[in-house]
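Encoded as structure tokens, the structure appears first; notes follow it.
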Amino acid sequence: METVRKLIQTFFTFLTNGYVLFPWTKNIYQGSFKIVCSPGLNCYSCPASITYCPLGSIQQLLLGIRFSFETGSYFFGSYVFGTIGIIGSLTGRLTCGWLCPFGLLQELLYKIPSWRKFRTAKPLRYIKYFMLVFLVIVFPLVLTDQWGMGKPWFCKFVCPAGTLEAGFPMLALQPDLRATVGLLFYNKLFWLFLFLIWSVFSCRFFCKTACPLGAFYGLFNKISFLQLHLNEENCTDCGACFQVCPMEIQFNKNVNSPECILCMRCLHEGCKFDAISLRGAGLPLSPISSKKYIRK
């Protein structure tokens, strides 16, 4: 199953970044597919991207609301909110584990041998909720200039995916942009290298600590259509689910945690006692053994 997941991650990375003509056009793709909302973190300004990022779209919507009200234009981004709301309600945070290009990159970096691997401290995991509430929603909406326009705070000051997918390629494609490089770009370089380097030592460090999109999807994990189910009668509390989990969750201690990306490694690689199963709307989607095991 892990091989299948990696193939799906790779396929979706190339699918959402499928504009192969960018080395010749030297610009961002603006074709008809650009109206499609990418479920994962995938920068709109990446020259290969044929989709747009939901986080960037939400910020662009909110940063212009006050200006639009002042000019008499009233609108609400129901398409963007509706899209990620539907994804979250159907699959929870599965997108992070199966479809997100930046998540795939972090997992590949974690495979690099290092002298030690670290667990992520629990308090750091709350940073992503700060990012979601303030940098994605509150700051673009409230902190505006004299014309009533805000800024895309997360995209502009933090997003490592944007720096990697858009910043470097556009500087290579359009050398004239290099004259504009300044403190803001170096700030984003710092965050990019911090998350990439630390991903070698801690699996999916950005996903655990700072991704607002993961924070949003995680809010749906306990109510989504697709969920993992714990059979308490079979569970021996052996901790095998924790040993294989890239998000460092012991499933039987925190069923459908907001941190869970539904990679299903606990189901297929960890648990040997058929204590974990996949369900859709409460109905089993994976084989369940009728065996019962004695707790140790």
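Hydrogens, waters and symmetry mates are skipped; everything else that's a heavy atom, side chains included, is used.
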> Does the side chain to side chain contact (heavy atoms under 4.5 Å, CB included) test come out yes or no for Asn187 and Leu183, once each step is laid out?
Replying inline: CA-CA 6 Å; Asn187 165 73; Leu183 186 60; 5.6 Å; no
So, [X] side chain and [Y] main chain: donor-acceptor pair closer than 3.5 Å or not?
X      : Y      : result
Asn231 : Ile276 : no
Arg178 : Leu171 : yes
Tyr217 : Pro39  : yes
Arg279 : Leu226 : no
Gln60  : Pro152 : no

State, to 0.1 Å, how close [X] and [Y] come at their nearest heavy-atom pair, and which atoms those are.
X      : Y      : value
Met131 : Pro212 : CB-CG, 3.7 Å
Pro23  : Leu173 : CA-CD2, 4.1 Å
Leu230 : Cys235 : CD1-CB, 4.1 Å
Asp145 : Trp147 : OD1-N, 2.9 Å
Asn256 : Asn221 : O-CB, 3.5 Å
Val136 : Leu62  : O-CD1, 3.6 Å

> What residues form a side-chain hydrogen bond (donor to acceptor under 3.5 Å, both in side chains) with Gln243, not counting sequence neighbours?
Replying inline: none
> How would you list, by chain and number, every residue that makes a side-chain hydrogen bond (donor to acceptor under 3.5 Å, both in side chains) with Glu259, sequence neighbours excluded?
Replying inline: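 Glu259 satisfies side-chain hydrogen bond (donor to acceptor under 3.5 Å, both in side chains) with Arg125, Lys128 only.
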>> Apply side chain to side chain donor-acceptor pair (under 3.5 Å) to residues Thr120 and Ser202 and explain how you reach the verdict.
In response: CA-CA 7 Å; Thr120 303; Ser202 179; 2.9 Å; yes
Can you get from [X] to [Y] by hopping between Ile, Leu, Val, Met, Phe, Trp and Tyr side chains that sit under 4.5 Å apart?
X      : Y      : value
Val200 : Leu108 : no
Leu41  : Tyr44  : yes
Tyr110 : Phe201 : no
Leu55  : Val138 : yes
Phe195 : Trp153 : yes

>> Quick one, Glu248 with Lys122, criterion salt bridge (charged side-chain N to carboxylate O under 4.0 Å, His left out). Give me CA distance, side-chain angles, the key distance, then yes/no.
In response: CA-CA 10 Å; Glu248 300 169 4; Lys122 187 174 180 179; over 6 Å; no
[Y] and [X] aromatic ring geometry - parallel, tilted or perpendicular at 30°/60° bounds:
X      : Y      : result
Phe102 : Phe206 : perpendicular
Phe185 : Phe168 : perpendicular
Trp115 : Phe118 : perpendicular

Does any part of the side chain of [Y], heavy atoms only, come nearer than 4.5 Å to the side chain of [X], both counted from C-beta?
X      : Y      : result
Phe225 : Ser89  : no
Ser49  : Glu165 : no
Ser257 : Ile249 : yes
Leu184 : Lys156 : yes
Cys46  : Asn17  : yes
Lys151 : Phe139 : no
Thr51  : Ile35  : no
Tyr52  : Thr16  : no

Output the distance between atom [atom1] ([X]) and atom [atom2] ([Y]), rounded to the nearest 0.5 Å.
X      : Y      : atom1 : atom2 : value
Leu132 : Cys211 : CG    : SG    : 9.5 Å
Gln59  : Leu141 : CD    : CG    : 12.0 Å
Leu213 : Cys53  : CG    : SG    : 6.5 Å
Leu194 : Thr209 : CG    : OG1   : 8.0 Å
Lys272 : Cys241 : NZ    : SG    : 12.0 Å
Arg93  : Trp98  : CZ    : CH2   : 16.0 Å

>> ring-ring contact (aromatic ring centres under 6.0 Å, His included), that's the test. Do Phe216 and Phe220 meet it? Break it down for me.
In response: CA-CA 8 Å; Phe216 177 83; Phe220 293 87; 5.3 Å; yes
> Would Lys6 and Glu2 satisfy salt bridge (charged side-chain N to carboxylate O under 4.0 Å, His left out), going step by step from the backbone distance to the final call?
Replying inline: CA-CA 6 Å; Lys6 284 291 186 291; Glu2 187 63 12; 2.9 Å; yes
> Stepwise, does the side chain to side chain contact (heavy atoms under 4.5 Å, CB included) test hold for Phe22 with Asn27?
Replying inline: CA-CA 6 Å; Phe22 74 88; Asn27 214 329; over 6 Å; no
> Within a reach of under 6.0 Å around CZ of Phe157, are more than 12 heavy atoms found that belong to other residues, nucleotides or ligands?
Replying inline: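 Buried by this count: over 12 neighbours within 6.0 Å.
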>> Are more than 12 heavy atoms, taken from residues, nucleotides or ligands other than Phe14, located less than 6.0 Å from that residue's CZ atom?
In response: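 No, not enclosed.
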> Hey, mind stepping through Asp237 and Gln250 against side chain to side chain donor-acceptor pair (under 3.5 Å) and telling me if it holds?
Replying inline: CA-CA 9 Å; Asp237 197 23; Gln250 185 164 346; 3.0 Å; yes
>> Is there a side chain to side chain contact (heavy atoms under 4.5 Å, CB included) between Met170 and Ile28? Walk through the geometry before answering.
In response: CA-CA 9 Å; Met170 292 307 297; Ile28 300 170; 4.3 Å; yes
> Could you walk me through whether Val36 and Ile50 pass the side chain to side chain contact (heavy atoms under 4.5 Å, CB included) check?
Replying inline: CA-CA 8 Å; Val36 177; Ile50 61 172; over 6 Å; no
